[in-house]
Q: 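Can you read through this structure? Questions will come right after.
As the structure is a prediction and not an experimental result, all values here were calculated from the model. Below, each value reflects all heavy atoms present in this structure, side chains not excepted, and no hydrogens, waters or symmetry copies. Note on naming: letters A, B, ... go to the chains in the order of the sequence lines (proteins, then strands), and numbering restarts at 1 for each one.
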2 protein chains.
Amino acid sequence: MSAGEPKVSASSGGYAKGRARREQIVALAAEAYGDVGYHGASLREIAKRAGISHVGLLYYFPNREALLAAVLERRDEQDSALLAPRVSSPRAVVQHLLDLAEHNARHAGMVDLYVRLAAEAVAEDHPAHSYFVEHYASTRAYVQRALGELAEQGMLREGVDAQAAAAGFVALMDGLQVQWLTSPGEVDMAGVLRAYVQQLLREPLQ
Amino acid sequence: MSAGEPKVSASSGGYAKGRARREQIVALAAEAYGDVGYHGASLREIAKRAGISHVGLLYYFPNREALLAAVLERRDEQDSALLAPRVSSPRAVVQHLLDLAEHNARHAGMVDLYVRLAAEAVAEDHPAHSYFVEHYASTRAYVQRALGELAEQGMLREGVDAQAAAAGFVALMDGLQVQWLTSPGEVDMAGVLRAYVQQLLREPLQ
DNA sequence: CCTACCGATCGGTAGG
DNA sequence: CCTACCGATCGGTAGG
């Protein structure tokens, strides 16, 4: 072990500091992607926000894509904490998705990051493409499962197809975010989502 | 009028040829935006598709933004031809929007252009920002008007708010396009839209 | 429409 | 973490 290397000590060690710094950089990068998109956020731009050189960034991440991957990982961790509550009845899931929409409305930066990346990542060779393929599949499955259970309990209107309704719910959420970011104040995200869900249910929510 | 200038003759004049070439370039640019996004489509990339140098492009358009503006103008012309049929009953409008979704599903390039630009243009300083602000406002108004007339004829379910439902319809269309581009085959755009409309109506369509 | 060229910016490497 | 540097690419101008 050479002299200048940080130690893995349990006390106050350099590794913990490095990890914290890394996480701080990931948060700043997420902000930058939200502000100017992935394409627009150069390593130099992000580095400036972190107060280092762009080469300093490459000390923490091997290349630009690795930084993006870290940002997406972080987003998933935060979201799953929000999305997957401990106790989950179907109605609770629906309520949680509505809560998530209200939560998003208070965090425009994250919504912006998500909307821009999702559109860029439509291209098959985009570094975040497979992330979004999986993201959509699992989100659809999550909502579909909740709707399916509501159906079993006879809570859905007749003629409602859980699969189509789930894809619709996810699409609605995405589309509302674009409209809302484009003209905030013109669109009530949670309100439209609630109206959508009401139309699926035999009896109104709450 | 100087000697080298093309004439505005009604016969076979240079202007007509220039205009045709210009339109051809706009079409090629739209394709390029669809393939790699506005950010990704450099003047050199588009010029290559047109078989000229990137400076040749600047002979037809003063700068990069002017080319984008021309592409958006063209899209609007094509869309309004599709969107605004001669005879327009409310039900016809709804049917036309469903038709438009089916039309889109056969023209992935245009959808791609639209989705990518809409996301990029969320930024207030994006050259296409005001275009999308107006696009969303007018599309929402268009759908809302149709739904309002359906409501007057007692064709909407009780509790359906035309304004929220219109924003929802537009959002659904946008969101479905992203999912469909990301994983074609996983999402049936027209099917989900039809299901949405059915839920709004007292009696099923057709 | 062209060639030639500009200043700016990009991601990444060498070497410490 | 840094400086110094690389080759590639960008939109745009000069001048024809």
Q: Starting at CG of A:Leu43 and ending at C1' of C:dC10, how long is that distance when rounded to a whole Å?
A: 9 Å
Q: Would you call B:Glu149 and B:Arg145 a salt bridge, taking side-chain N to carboxylate O under 4.0 Å as the test?
A: yes
Q: Looking at A:Tyr60, I'd like to know whether one of its side-chain N or O atoms comes within less than 4.0 Å of OP1 or OP2 on D:dC1.
A: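 For D:dC1, OP1 or OP2 has a side-chain N or O of A:Tyr60 closer than 4.0 Å.
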Q: When only distance counts, do a donor and an acceptor, one from the side chain of A:Arg44 and one from the base of C:dG11, lie under 3.5 Å apart?
A: yes
Q: Starting at CZ of A:Arg22 and ending at C1' of D:dC1, how long is that distance when rounded to a whole Å?
A: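 Answer to the nearest Å: 15 Å.
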Q: Looking for any heavy atom pair under 4.0 Å, which part of the strands does B:Leu58 touch: base, sugar-phosphate only, or nothing?
A: base
Q: I need the NE2-P distance between A:His39 and D:dT9, as an integer number of Å.
A: 14 Å
Q: Please state how far atom CZ in B:Arg64 lies from atom P in D:dT13, giving the value in whole angstrom units.
A: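 Taking atom P of D:dT13 as the reference, CZ of B:Arg64 is at 15 Å.
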Q: Among C:dG12, C:dC10, D:dG12, which nucleotide has an atom closest to any side-chain atom of A:Ser42?
A: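 Of the candidates, C:dC10 comes closest.
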Q: Could you check which nucleotide pairs with C:dT9 in any of the strands shown, counting Watson-Crick or G-U wobble with both distances under 3.5 Å?
A: D:dA8
Q: What's the CD1-P distance between B:Ile46 and D:dC10, to the nearest Å?
A: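 From B:Ile46 CD1 to D:dC10 P: 11 Å.
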Q: Atom CG of B:Leu67 to atom C1' of D:dG12: distance rounded to whole Å?
A: 14 Å
Q: Before you tell me yes or no, could you show the steps for B:Tyr114 and B:His135 under side chain to side chain donor-acceptor pair (under 3.5 Å), namely the whole-Å CA-CA distance, both residues' side-chain angles and the distance that decides it to 0.1 Å?
A: CA-CA 11 Å; B:Tyr114 173 82; B:His135 167 79; 3.1 Å; yes
Q: Identify the two heavy atoms, one from B:Gly175 and one from A:Asp174, that lie closest to each other, and give their separation to 0.1 Å.
A: CA-CB, 4.1 Å
Q: Testing A:Leu28, A:Ile25, A:Asn63 one by one against A:Leu57 for a side chain to side chain contact (heavy atoms under 4.5 Å, CB included), which residue passes?
A: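 When side chain to side chain contact (heavy atoms under 4.5 Å, CB included) is applied between A:Leu57 and each of A:Leu28, A:Ile25, A:Asn63, only A:Ile25 qualifies.
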Q: Rounded to the nearest angstrom, tell me the gap between atom OH in B:Tyr59 and atom P in D:dT13.
A: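 The answer, rounded to whole Å, is 17 Å.
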Q: Paired with D:dG16: which nucleotide, if any, by Watson-Crick or G-U wobble criteria at under 3.5 Å for both distances?
A: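 WC or wobble partner is C:dC1.
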Q: What integer distance in Å separates A:Glu65:CD from C:dC10:P?
A: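 After rounding, the gap between these two atoms is 17 Å.
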Q: Between C:dC2 and B:Ser53, is there an OP1 or OP2 to side-chain N/O distance shorter than 4.0 Å?
A: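 Answer yes for this pair, as a side-chain N or O of B:Ser53 is under 4.0 Å from OP1 or OP2.
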Q: Between D:dC1, D:dG12, C:dG11, which nucleotide gets closest to the side-chain atoms of B:His54?
A: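 Of the candidates, D:dG12 comes closest.
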Q: Regarding A:Ile52, tell me which of base, sugar-phosphate or nothing describes its non-hydrogen contacts under 4.0 Å with the strands shown.
A: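 Contact class for A:Ile52: sugar-phosphate only.
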Q: Quick one: does NZ or CZ of B:Arg64 land under 6.0 Å from the six-membered ring centre of B:Tyr38, within 45 degrees of the ring axis?
A: yes
